[in-house]
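Here is the structure we will look at.
Numbered from 1 within each chain, the chains take letters A, B, ... in sequence-line order. The model shown is predicted, which means the values in this text are computed figures rather than measured ones.
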Amino acid sequence: MSRARAQALAPIPMPTPRLRFAPSPTGYLHVGGARTALFNWLYARRMGGVFVLRIEDTDVERSSADMVTGILDGMRWIGLDWDEGPEVGGDYGPYFQSQRLARYRELGEQLVRDGHAYYCYCGGDKGGSSQEGSGSAGGAQSTSYGETEPPAADDAAWDEGDTPRGESWTYDRRCSRLTPEEVAAREAAKMPRAIRFRVPTGETTFHDLVHGDITFDNAHIEDFVALRSDGHPTYHLSVVADDIDMAITHVVRGDDHISNTPKQVLLYRAFGKPLPAFAHVPLILGPDKRRLSKRHGATSVTEYSRQGYLPEAMMNFLALLGWSPGNDQELFSRDELVAAFSLEGISSSDAVFNPEKLEWFSAQHIARMPAAELVRRIEPRLREAGLWPVKWSPGSSFDSHVDASLAQDRLDPGAWLARLIELLRPRAKRLTDFVEKGRPFLVDEVEYDADAVKKHLSSPEALAHLAAVRDTCAASEAFTAAALEPAIRALADARGVKAGVLIHPTRVAVVGRAESPGIFEVLELLGRERALDRMTRALQAVRPQG
RNA sequence: GUCCCCAUCGUCCAGGGGUUAGGACGCGGCCCUUUCAAGGCCGAGACCCGGGUUCGAAUCCCGGUGGGGACGCCA
């Protein structure tokens, strides 16, 4: 606190915050990565800093250009833009690690020269690891069922050997002890060599903005490979090299990187560079509390886009998954999030992804979206479903399949569509709902739901009511909700029934379903011709059975 | 197994030495109502356990338990 005061008195020039999101293009953008990107972006925007997008494609085998495109699209969909990176460039490029390989090699050699690393000729396998435990045959870790579980009671003997049970298999550093002659011999033999970092003894501590100080005993840190024998860097080297070269000030990433951080801290020190600020954000879990993955269903943001969730909702939802403004506000626009965001608000415990709440956010953002914008978002979906009712654009004429009587009523297609959307809006959770619930208004032939017909349109009484309603509607001078409602209510009185008794069959007749927006608005929107026609046809279709 | 992180309603969060422990999603009920929603109101629902510090602990400390993550020439 006193430091903050001192700053207020005599501002220390703070470098512009530079944050980055550094996805590996080995898969689509999933919600966990999206949230990490979001937190970085929010903080950069909040602080007036720079948001860098860097593609970590050093794993040539698993990376692909398609995935890069997918990730970029996913970020754009959520509403994240980047100041430096693919497609926009920047002063610290290139932003693909595959284009920075020379730099990593240079840095790798520098580590060796400075004594922080050494050449390792052990090859791709783990040769030189600790001996296998006496009981473990095979050594295939992934099928560890029986042999990794020692006998419970008489396990004292397991602890006696010089390879204590449970010791992690760390590289035994054999190549670090090679004499210059031995190294020369191997070089002469052109043996492939990797560069391994020489982890010093002692402890490594770093400060984490969400977890506080975290300390690791270096004894638990392996002499990790920094540069592979094929000349490609490992993640640790490339990340540190780039974060240094790109002047990254804040590293905000998933909790799963905490155990990588001490290795990277060691690299920063070996390079003689100051550490960035670290903030490790909690992970997003599935309902089973395990790390979110494909088997939990949709995890790619593209999939949520396809399912019609609003990107505003996704951003809002993701922001609140592991972060809080400190009060009870939940609904945020993008600008409000930027204004409210702080690293202090990030929580330290993992969060379970709750699709139902995401859907609620989506409904809330739909409810708040300006009408014109909503139409713009819905249009491509209606077109795709063959339901777009306007020939060219809002303001021109209706497509042929929409009732000519609408044109007679001198309704502008854009206005008509806007009214339809407003009727649907409070019932919509996703953009797909507008297609689904709007369909009866946009087709020539309604599909009749069998259950609805059975329930509301099968009895002789219901059909008689429907016929009466049709006649009343036909007689109504104006085909508007305001005119139809009193007329139909009066009809109900005259027939000695509640209005609902008339309305149910009418609804099923005109939209084919038991649910719809208010029936009077529905009738008005449908227009006289289509509404009467549907009632008539319903009567004809059902009568023979009644 | 080893190391690291974490622990408030089912879920997401707020709070935090003395509170009727707050909000949201979901759930139940009521209101509104022509249906379905939306909206409004009400309700059920939580501080992991054990020690310690303290007049007082959900809150601070320690231990346990539980959960998660990491232990690659993947990122």
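- Within the nucleic acid shown, Ala351(A) comes within 4.0 Å of sugar-phosphate atoms alone, with no base atom in reach, counting heavy atoms only.
- In this structure, C30(B) forms a base pair with G40(B), meeting either the Watson-Crick or the G-U wobble geometry with both donor-acceptor distances under 3.5 Å.
- The base of A37(B) lies outside donor-acceptor range of the side chain of Lys437(A), with no N or O pair under 3.5 Å.
- Here A24(B) sits opposite U11(B) as a Watson-Crick or G-U wobble pair (both hydrogen-bonding atom distances under 3.5 Å).
- Remark: Glu422(A) engages Arg425(A) in a salt bridge (Lys or Arg N to Asp or Glu O under 4.0 Å) (not counting sequence neighbours).
- Side-chain N/O atoms of Ser516(A) and base N/O atoms of C36(B) include no donor-acceptor pair closer than 3.5 Å.
- Two residues, Leu321(A) and Ala428(A), neighbour RNA chain B, and the one matched to the more 5' nucleotide by heavy-atom proximity is Leu321(A).
- As rounded to whole Å, 16 Å separates atom P of U34(B) from atom CG of Leu484(A).
- Heavy atoms of Leu320(A) sit under 4.0 angstrom from primed sugar atoms or phosphate atoms, though from no base atom.
- Looking at heavy-atom distances under 4.0 Å, Pro287(A) makes no contact with the nucleic acid at all.
- Seen from the ring of Tyr171(A), Arg173(A) does not count as a face-on cation partner, given the 6.0 Å and 45° thresholds.
- Taking the six-membered ring for Trp and thresholds of 30 and 60 degrees, His116(A) and Phe197(A) have nearly parallel ring planes, at less than 30 degrees apart.
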Atom pairs under 3.5 Å, N or O on each side, protein against nucleotides 39-44 of chain B: can you list them with distances?
from   : atom 1 : to        : atom 2 : distance (Å)
G39(B) : OP1    : Gln364(A) : NE2    : 3.2

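- Nucleic acid contact class of Thr506(A) (heavy atoms, under 4.0 Å, all strands): none.
- Heavy atoms of Ser348(A) sit under 4.0 angstrom from primed sugar atoms or phosphate atoms, though from no base atom.
- For Asp57(A), there are no salt bridge (Lys or Arg N to Asp or Glu O under 4.0 Å) partners at least two apart in sequence or on another chain.
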Next item on the list: Let me see the working for Glu109(A) and Arg193(A) under salt bridge (Lys or Arg N to Asp or Glu O under 4.0 Å), right down to the final yes or no.
Entry: CA-CA 12 Å; Glu109(A) 295 300 333; Arg193(A) 57 159 204 227; 3.5 Å; yes
Next item on the list: Under the ring-ring contact (aromatic ring centres under 6.0 Å, His included) rule, what do Phe341(A) and Phe39(A) come out as? Steps first, then yes or no, please.
Entry: CA-CA 8 Å; Phe341(A) 193 77; Phe39(A) 282 7; 5.4 Å; yes
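- In this structure, Glu56(A) reaches the sugar-phosphate backbone alone: every heavy-atom distance under 4.0 Å involves primed, P, OP1 or OP2 atoms, never a base.
- Atom CG of Asp350(A) is separated from atom P of C4(B) by 17 Å (rounded to the nearest Å).
- Here Gly518(A) lies in heavy-atom contact (under 4.0 Å) with a base.
- Spacing between atom CZ of Phe224(A) and atom P of A70(B) amounts to 18 Å, rounded to whole angstrom units.
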